[in-house]
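Report on the structure given below.
Reckoned from all heavy atoms, side chains included, excluding hydrogens, waters and symmetry mates.
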Amino acid sequence: VYSVNVTVSRTVLSVEGALVLGDRATFYATTGNASAVIRVGYGEAEVTDVAIAGGGTVDGRGAAWWPHRDDYRPHMVETKNTRRLLIHDVTFLNPPSHCLELSAAWVELSRVNVLAPPSTDVALESHNTDAYDVHGVYAYVHDVNFTTGDDDLAFHANHTLVERSARRRRRRDESPK
């Protein structure tokens, strides 16, 4: 696949099995330099009530893109002009650049995995593979595994609730150690 565009409200993009990004040269020739593998809300009207779900995997084949860190590299999922977005039960592997670049209101990420190798001290560095760049308002992130070579979460101006982190929460009556 080279690029999927969701421009209609009340849409479910079902990812079952594997969705694999094509090679770099064909991506540019086929998409006219599209900004992402999956784009939501890039039409003229606001897109609402969109889900990306299904238990499958989206593989960005990042190893082909990472050596070209000064060139444009597409995001895995990018949104704009979007309201009420659910990404549920999907694994994203080896994003070429940022994985979830979401400019949307009312986002929920549930059972999402974003996996990329480290960005330093390895043979092939996965430079700038942020898992989730939060743009917009009201994001609810839970039951996720973000293990990337860069920022797992990058918060911009927003209202975000992140639950079930790996760190143990302190009770109110406990003093910090």
| R111 CZ to D89 CG distance, which is reported to the nearest 0.5 Å | 4.0 Å
| said: Which residue in the set V6, L102, V58 passes side chain to side chain contact (heavy atoms under 4.5 Å, CB included) when paired with V77? | reply: L102
| message | Here's a test for you: under side chain to side chain donor-acceptor pair (under 3.5 Å), which of T57, N145, N113, D59 qualifies with T91? | response | N113
| task | Could you grab the distance from atom OG1 of T11 to atom CD1 of I52, nearest 0.5 Å is fine? | result | 10.5 Å
| Could you state the interatomic distance from OH (Y42) to OG (S35), rounded to the nearest 0.5 Å? | 4.0 Å
| message | Quick check for you: to the nearest 0.5 Å, what is the distance between L21 atom CG and W65 atom CH2? | response | 5.5 Å
| query | Under the side-chain hydrogen bond (donor to acceptor under 3.5 Å, both in side chains) criterion, do E78 and H98 qualify, and how do the steps go? | reply | CA-CA 9 Å; E78 187 175 84; H98 297 176; over 6 Å; no
| query | Do R24 and H68 get their side chains close enough for a donor-acceptor pair, meaning under 3.5 Å? | reply | yes
| message | So which atom in G54 and which in E16 form the shortest heavy-atom distance, rounded to 0.1 Å? | response | O-CG, 3.9 Å
| remark: In short, P95 meets A116 closest at the heavy-atom pair CD-CB, 3.9 Å
| remark: Smallest heavy-atom separation, A53 atom then V90 atom, equals CA-CG2, 3.8 Å
| How far apart are the closest heavy atoms of G41 and N81, and which atoms are they? | O-CB, 3.6 Å
| field | Whether T79 side chain and S103 backbone form a donor-acceptor pair below 3.5 Å | value | yes
| remark: Note: P96 and G60 closest approach over all heavy atoms is CG-O, 3.6 Å
| Between atom OH of Y132 and atom CG of D151, what is the distance when rounded to the nearest 0.5 Å? | 14.0 Å
| task | Check the angle between the aromatic planes of W106 and Y138 and answer parallel, tilted or perpendicular using the 30° and 60° thresholds. | result | parallel
| request: With side-chain hydrogen bond (donor to acceptor under 3.5 Å, both in side chains) as the test, would you mind laying out the steps for E101 and H135 before giving the verdict? | output: CA-CA 7 Å; E101 187 78 23; H135 304 274; 2.6 Å; yes
| What are the two closest heavy atoms between L100 and L109, and how far apart are they? | CD1-CD1, 3.9 Å
| field | Reported CZ-to-NE2 distance for the pair R69 and H127, which is rounded to 0.5 angstrom | value | 4.0 Å
| Would you say the side chains of E108 and S110 form a donor-acceptor pair under 3.5 Å? | no
